[in-house]
Amino acid sequence: MQPNYNPKDIEATAQQYWEDKQAFRAEAKSDKPKYYCLSMFPYPSGKLHMGHVRNYTIGDVLARWHKMRGYNVLQPMGWDAFGLPAENAAIANKVPPAKWTYDNIAYMKQQLKSLGFAIDWSRELATCKPDYYKWNQWLFLRMLEKGIAYKKTQVVNWDPVDQTVLANEQVIDGRGWRTGAIVEKREIPGYYLGITQYAEELLADLDKLPGWPERVKTMQANWIGKSFGVRFAFPYTLDGKDEKLWVYTTRADTIMGVTFVAVAAEHPLAQHAAKSNAQVAAFVEKCKHTSVMEADMATMEKEGVDTGLKVTHPLTGEQVPVWVGNYVLMGYGEGAVMAVPAHDERDFGFAKKYKLSIKRVIKTYDELNFEKGLRENHLLEPALLSKYRVPIAAGTEHIEEALSLYLRFDPDEDWKPSYADYGFCVNSGKYDGLIYQQAVDAIAADLKAKGLGDKQVQWRLRDWGVSRQRYWGCPIPIIHCDTCGSVPVPDDQLPVKLPEDCVPDGSGNPLHKRADFLNCTCPKCGKPAKRETDTMDTFVDSSWYYSRYASGFKSDAMVDEETNYWMPVDQYIGGIEHAILHLLYSRFWTKVMRDLGLVKYDEPFANLLTQGMVLNHIFSRRTDKGGIEYFAPEEVELVKDEAGRVTGAKSLADGSTVDYQGMGTMSKSKHNGVDPQALIEQYGADTARLFMMFASPPEQTLEWVDSGVEGAHRFLKRLWNFCVLIQKIQETNPQSDDDIQKASGIYGKHIMGSPSQYPKVARREIHLTLKQANYDLTKQQLNTVVSAAMKMLNALGEFPLYRKEDFEVILEGLSILLRLLSPICPHITHALWRELGYGDDILAADWPEPLAAALEQDEIELVIQVNGKLRGSLRAAKSADKATLEQLALAHEAVQKQLAGGTAKKVVVVPGRLINVVI
RNA sequence: GCCGGGAUGGCGGAAUUGGUAGACGCGCUGGACUCAAAAUCCAGUGUCUGUGAGGAUGUGAGGGUUCGAGUCCCUCUCCCGGCACCA
C-alpha cells in the first residue's frame, strides 16, 4: 500500500479495472429488479461545467448505490448535439458546426470518463447522427398522417440587417444581439405538433407520478392551465353584413361590467379600422415591433387606440367601443378580449389611462364577511381590522366609518387586488345577488339561448411549433412541389441527411445555398421540386432519447422490445430549468409513441430529481453596434460596496467598466461556466465528486465557490492515512491486548475514563450514523451522507485500541465507512477495500445496514426546559415512565432555582426527548 | 407581470418533520511539531455581557397560533428558475 494518497494512480487503476470487467454494461436479462438511472444528456458545448459534474455525480451515486443493493442497473450517456451554439461557434471561428460538435463530444467524453462514472458507454448516442434523427423524421411523418402534426403561420423575431430569424435569447431589449437592429415580428408558415390534443391526459396523468416533486407537477399543471369559462360574441354590423366578435372569459360573472373590448393589431376589426383611420394604422404598425415573449408582454406598458368601431353587448344591447391593444395577441384564443375595468387589473389600468368608464358589478365575500363581523361584534376588533387592513383605531364604535373605508370602491385611486376577488353580482340587473357559479350558469344559459355563446373549457397550453429556420438541426422531411404542394418524404427515402460541411455566417440558413440538398424530385409526380430547409426544434431530439438508450439501437426500428423492459426510467436527474418544457414534451412524445403501438408505457419518468442550478456571476457589456458581449468571471475584477455586495466590475484586460448582471446559471452563452478540469487534475475525480456532493443538497440552488475543495481532499487524505495505519497493525497480526496496544502506540500510556466503554460508544456512533446516512440516501440528501462518512472517520480515529477485540470494531466500522462512501468516491474506496483485504470488488459487496444490537443503550439524556427555555439536562433509565421523569425534573436544581419556592403550573414530558416545566 | 422555489454564524450547510439551533466541513484565532515553511496534529470559534459559573439574545422583516416555532398561519422584502426559438 502506498504511504501517501495518490489519486492519479488509484483512479487510473480503478477505471481500468471497471473497463476490463465491463462492469457497467447493462443486460436486459436478469433476475434482479431493474433500475434505469438517467441523467439529462449534455449539450456538447465544449467543456463540462460544474452543473454537469453535479448532475452526473448525483446520478452516479444513485446508480452505484442501487447496484450494491442488488439491482440490475442501466446508466447510459449521450449527446444533445444539435443546436444554436454550434452555429454561433461557426460564425466566430468559421468551423462547420458538425466538426465543432464532434470535437466537443470527444473532449467531453474523455472528461466524463476521467470522473469515473458507472456509464454503459456501449449505448452512447448523438442526436446529430442520421441513424438517430432518422426516427425524428419518421415519427413526424406518422404524426402528419394522424393529424397531430400540421402547418400554420407562426410569429418569429426578424433581424432586418442580417435578414435572419432570431431566437428569443438573441433579442436583447428589442434588438438583434449581433447587429443591434430593431427586431420585427414576422409571420411565416411552420409546422406544429398538436400537444393540446393530449392536454387532458397530460394533466390527469400527473397524478400517476408520485415520484415527481410536487413543485414540478404544480408548474406543469399551471402551464397546461385548464380553465372553465364562457366563449361568447359581441354582434356588430360591418359594410352591411352581420358579424360576431368572439371572446373567451373565465369571469362571465362580470360580463355586465364590460365597458370596452380590446382586439389584437392583427385582428380583422383592427385591420379594417386601419384602412380609414391613420391613428389606428400607425398603432398597428408600431405593434409590429413589440416583443413576442410572454414576459415582455406582461411587463410592457399597456397601450391602445380607439378604432371608432362599436359592437353590441350581447346581454344589455348597449354599444361597446372597440380598442386595439398591444397586450392582445392574435395567436392566442380569439385575438380579442372583453374588458371589465372594475374587476381586472390590466383593464383597470387601461381604462384609467384612456379615461374609459369603469362599472362595478361584483361585491366580494370578504366585504360581506367584514360587514357581518362588524355588525355582530359592535366594537372594532384589532384582528378583524388588521386582516382587512382598515386604517382605523381598534376598540372604537365607528362601524360605519370602517365599513366605508373597506367597502369603498374608488376608480380614482389605485387598484386593489381585492377588486378581482370572487363574490356576488351587483349592478347586474336580473343577475344581482347571484354568486360566481350561479351567475356564470345563468349568463351562459342566456347567451346560449340567443345563440351568442356557451360554456367552454379552455387550455393555456398551446400547440408546439417545431419549425426552426436554422441549419444545425434535424431536417423536416417535406418536399415542396409546384404541382403537388407540400409532400411528405416517403419512408424509404429516410433519413433526409443534413450536409455536415456547411459554415453558417449569421445571415440566414446556409441550406438555402446548397443545391445538392435543395433540389430533388417530387415523390408524387416526379417533377423537380425543392426540399424544406427548416429544421426541427432540438426539444424533439431530447423527447425520446431515453427510449432509444433502452433499446437495441436497431437500424430498422425506432425502438425495440427491450425498451419495455427498461422503461419507464426509474430515476431521472436533471436541472430544475427543464421542469416544464423538456419534461412536458417528453411526456407528450411518449404518449404519441404509445398510441402508435411503439411502446407500452404511458409515462417516461417514474421518479424525478430536479437538481438546483449551479450559479456564477454574470458580466456583460453593450457593443458599439448595440449588441451584447459577455465576460467570464476570470476576465474581470469585482467592484464591491461597503457591505461587500458586488455592484460592478472592471475588465482585467483594459480596466474598462463591465456591467454586473447578478448571479445566474452557468452557461456557454453567458461565459460564466467553471471548467472542472483543473480541479480534477489537481485533486482527482474523487475530490471533485466529494466536494460537489458535500457542497449542498441536490435540489438546492448552488452559488459557486471553490473554498472547501481543500477540505474535501483533506478528508480523503485522512482516510487514506488511517487505512495505512490500520494495515500496519493488521500486518503485525496482534494476538493479545498488549500486542494491540503496542501496535497502535498506546502501550504503557494512561487512558482517560474507562477504555472498555470506548469501543461500545464508537460502535454505536458508527451504526447510528449509518442509520441516518441510509435514511438520507432514500431522501436523496447526499450532502449529509458525506457528513456521515466524515463523522465515522472521526469516531474511528478518536478511539484508543486497548483490547484485542477493539480492533474488530475498527475493521467493522471501516468496512461500513468504505461501502457508504463508495458511491460518492468510487476510486479511493475501490483501492482501500482491496488493500485491507475486504474483497476484490467493493461494488460486489453488500450494502451496510445498522445493527439493532449496536444501537442499544439503557440510559438516555433528557433536556430540561422551563417555559420552553433550556435550563439543564438529566440522565434517566430508558424505561423511566412519565411520572418518574416529571419528579426528576421538578427536583432538578435548575428548575428549583427558577421555581423559587413556587409551584409548576404544568409539566410537559416528551418521551426520549425533553421535559418542559411551565411556571 | 404571471407560475414555481429559496433566505439559518465570516462562508457552504445540519436540525429525527412542532421538541437541546448551528451537526459535518471551510475560514479564522491560539498552540504543538520544524532552523524555517508547507503538510499534519491539538484546542477555541453565532452575537452581546460577565474574571468565572452563568445571563441575555439569535434562523430575511413584521405580526399570530402553541407549554414550546428555523419548522405551522397571515403580511412584506430580496434572491433564483421558467414564461413556449438557449438547452
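By convention in this document, chain letters (A, B, ...) are assigned in the order of the sequence lines, proteins followed by strands, and residues within each chain are numbered from 1. Here the structure is a predicted model, which is why all the values come from computation and not from measurement.
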Asks: Using the closest heavy atom to pick a nucleotide of RNA chain B for each, name whichever of A/D463 or A/F41 lands nearer the 5' end.
Replies: A/D463
Asks: Under 4.0 Å between a side-chain N/O of A/R871 and OP1 or OP2 of B/G55, yes or no?
Replies: yes
Asks: Would you indicate what A/F715 reaches in the nucleic acid, counting non-hydrogen atoms under 4.0 angstrom: base, sugar-phosphate, or nothing?
Replies: nothing
Asks: Looking across every strand, which nucleic acid part, if any, lies under 4.0 Å from A/T299 by heavy atom: base, sugar-phosphate, or nothing?
Replies: base
Asks: Mind jotting down which residue pairs meet the salt bridge (Lys or Arg N to Asp or Glu O under 4.0 Å) criterion with at least one end in residues 701-716 of chain A? Sequence neighbours excluded, please.
Replies: none
Asks: Of the listed nucleotides (B/G19, B/A84, B/C67), which one gets closest to any side-chain atom of A/V918?
Replies: B/C67
Asks: Checking A/K152 against A/Y192: charged group under 6.0 Å from the ring centre and within 45 degrees of the axis?
Replies: yes
Asks: Taking side-chain hydrogen bond (donor to acceptor under 3.5 Å, both in side chains) as the cut-off, I'd like each qualifying pair that reaches into residues 80-92 of chain A, sequence neighbours left out, listed once.
Replies: none
Asks: Considering only the C1' atoms, how many Å lie between B/G70 and B/G9, rounded to the nearest integer?
Replies: 14 Å
Asks: Determine: side-chain N/O of A/R714 to OP1/OP2 of B/C26, distance under 4.0 Å, yes or no.
Replies: yes
Asks: Taking the nucleotide of RNA chain B with the nearest heavy atom to each, does A/D80 or A/R215 sit closer to the 5' end?
Replies: A/R215
Asks: What is the distance from CG of A/N168 to C1' of B/G82, rounded to the nearest Å?
Replies: 13 Å
Asks: Tell me whether B/U17 sits syn or anti, counting syn as a glycosidic angle within 90° of 0.
Replies: syn
Asks: A/N136: which residues meet the side chain to side chain donor-acceptor pair (under 3.5 Å) condition with it, sequence neighbours left out?
Replies: A/D541, A/W544
Asks: When you measure only distances, ignoring hydrogens and angles, does the side chain of A/N916 come within 3.5 Å of the base of B/C67 through a donor and an acceptor?
Replies: yes
Asks: Under the side chain to side chain donor-acceptor pair (under 3.5 Å) rule, collect the residues that match up with A/S669, sequence neighbours excluded.
Replies: A/E169, A/S667
Asks: For A/T665 and B/G81, is the shortest distance between a side-chain N/O and OP1 or OP2 below 4.0 Å?
Replies: yes
Asks: How would nucleotides 9-17 of chain B be written as a contact map, 5' to 3', with B for base contact, S for sugar-phosphate-only contact and - for no contact, using protein heavy atoms under 4.0 Å?
Replies: ---BSSSBB
Asks: Checking A/K47 now: which residues fulfil side chain to side chain donor-acceptor pair (under 3.5 Å) with it, not counting sequence neighbours?
Replies: none
Asks: What base-paired stems does RNA chain B take part in, with at least 3 consecutive Watson-Crick or G-U wobble pairs and both distances under 3.5 Å?
Replies: B:1-7 with B:77-83, B:10-12 with B:24-26, B:27-32 with B:40-45, B:46-49 with B:54-57, B:60-64 with B:72-76
Asks: Pull up the glycosidic torsion of B/G9 and say syn or anti, syn being anything within 90° of 0.
Replies: syn
Asks: What pairs with A/V156 under side-chain contact (heavy atoms from CB on, under 4.5 Å), at least two apart in sequence or on another chain?
Replies: A/Q154, A/V165, A/R186, A/I188, A/Q469
Asks: In whole Å, measure the gap between the P atoms of B/C11 and B/U17 for me.
Replies: 29 Å
Asks: Search all heavy atoms of A/H49 against all heavy atoms of A/G673 and return the closest pair with its distance.
Replies: CB-CA, 4.3 Å
Asks: Say you pick atom P in B/C67 and the same atom in B/A23; how far apart are they, in whole Å?
Replies: 31 Å
Asks: B/A38 P sits how many Å from A/K717 NZ, rounded?
Replies: 14 Å
Asks: Are A/F715 and A/F694 an aromatic pair by the rule of ring centers under 6.0 Å?
Replies: no
Asks: Could you go over nucleotides 58-60 of chain B and give all protein N or O partners under 3.5 Å, atom names and distances?
Replies:
none

Asks: Can you check the distance between B/G46 and B/C28, where both ends of the measurement are the C1' atom (answer in whole Å)?
Replies: 14 Å
Asks: I'd like to check the side-chain contact (heavy atoms from CB on, under 4.5 Å) partners of A/S291; sequence neighbours left out, ordered by chain and number.
Replies: A/M293, A/D296
Asks: Please find the pair of heavy atoms, one from A/L862 and one from A/R913, that lie closest to each other, and give the distance.
Replies: CD2-N, 3.3 Å
Asks: Not counting sequence neighbours, which residues clear side chain to side chain donor-acceptor pair (under 3.5 Å) with A/E301? List them please.
Replies: A/K353
Asks: Output side-chain donor-acceptor pairs under 3.5 Å for residues 780-798 of chain A, partner residues at least two apart or in another chain, one line each.
Replies:
from   : atom 1 : to     : atom 2 : distance (Å)
A/Q780 : NE2    : A/Q571 : OE1    : 2.8
A/Q781 : NE2    : A/T784 : OG1    : 3.0
A/T784 : OG1    : A/D776 : OD2    : 2.6
A/T784 : OG1    : A/Q781 : O      : 3.2
A/S787 : OG     : A/N783 : O      : 3.3
A/N794 : OD1    : A/R718 : NH2    : 2.6

Asks: Could you give the distance separating B/C24 and B/C83 at their C1' atoms, to the nearest angstrom?
Replies: 39 Å
Asks: Indicate, with a heavy-atom threshold strictly under 4.0 Å, whether A/S467 touches base, sugar-phosphate, or nothing.
Replies: base
Asks: Under 4.0 Å, heavy atoms only, any strand: does A/H578 hit a base, just the sugar-phosphate, or nothing?
Replies: base
Asks: Check whether any side-chain N or O of A/N721 sits under 4.0 Å from OP1 or OP2 of B/C41, and answer yes or no.
Replies: no
